[in-house]
Amino acid sequence: SYSQTEASLPNNTRYFSYNNNNNCGSTAAAIMMFYYYDYYDSGYITNAYYRNEYNLVNHFRNIMDDNGEGTTYQQFR
């Protein structure tokens, strides 16, 4: 079963304005990948995605089958 837990991060995340097609799941995934890139290990993201943040959002849209109808927990798992 799924339970929601609140958490706070010690550093700020990046702000993306790409969630204009209900692609919040893929946008959130990209934001968290950049968080790890920025604060823990720059090996998490290749240069192709680092230079264009939207490419990483699109990459996650493809992986998560984020078709503009939102992303469910089942799709994200």
Any residue meeting side-chain contact (heavy atoms from CB on, under 4.5 Å) with Ile45, in chain and number order, not counting sequence neighbours: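 With sequence neighbours excluded, Ile45 shows a side-chain contact (heavy atoms from CB on, under 4.5 Å) to Met33, Phe34, Tyr37, Tyr49, Tyr50, Leu56, given in chain and number order.
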Quiz prompt | By side-chain hydrogen bond (donor to acceptor under 3.5 Å, both in side chains) - contacts of Asp38 (at least two apart) | solution =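 Arg14.
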Considering all heavy atoms of both residues, which atom of Ser26 and which atom of Val57 are nearest to each other, and what is their separation?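 That would be CB-O, 3.6 Å.
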So how far is it from [X] [atom1] to [Y] [atom2], rounded to the nearest 0.5 Å?
X: Tyr36; Y: Ile31; atom1: OH; atom2: CD1; value: 14.5 Å
X: Arg61; Y: Tyr54; atom1: CZ; atom2: OH; value: 5.0 Å
X: Asn58; Y: Ile63; atom1: CG; atom2: CD1; value: 11.0 Å

- What residues, two or more places apart in sequence or in another chain, satisfy ring pair (Phe, Tyr, Trp, His ring centres under 6.0 Å) together with Tyr39?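 Tyr39: ring pair (Phe, Tyr, Trp, His ring centres under 6.0 Å) contacts with Tyr35.
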- Item | Non-hydrogen side-chain atoms of Asn55 and His59 separated by less than 4.5 Å |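 No, side chains not in contact.
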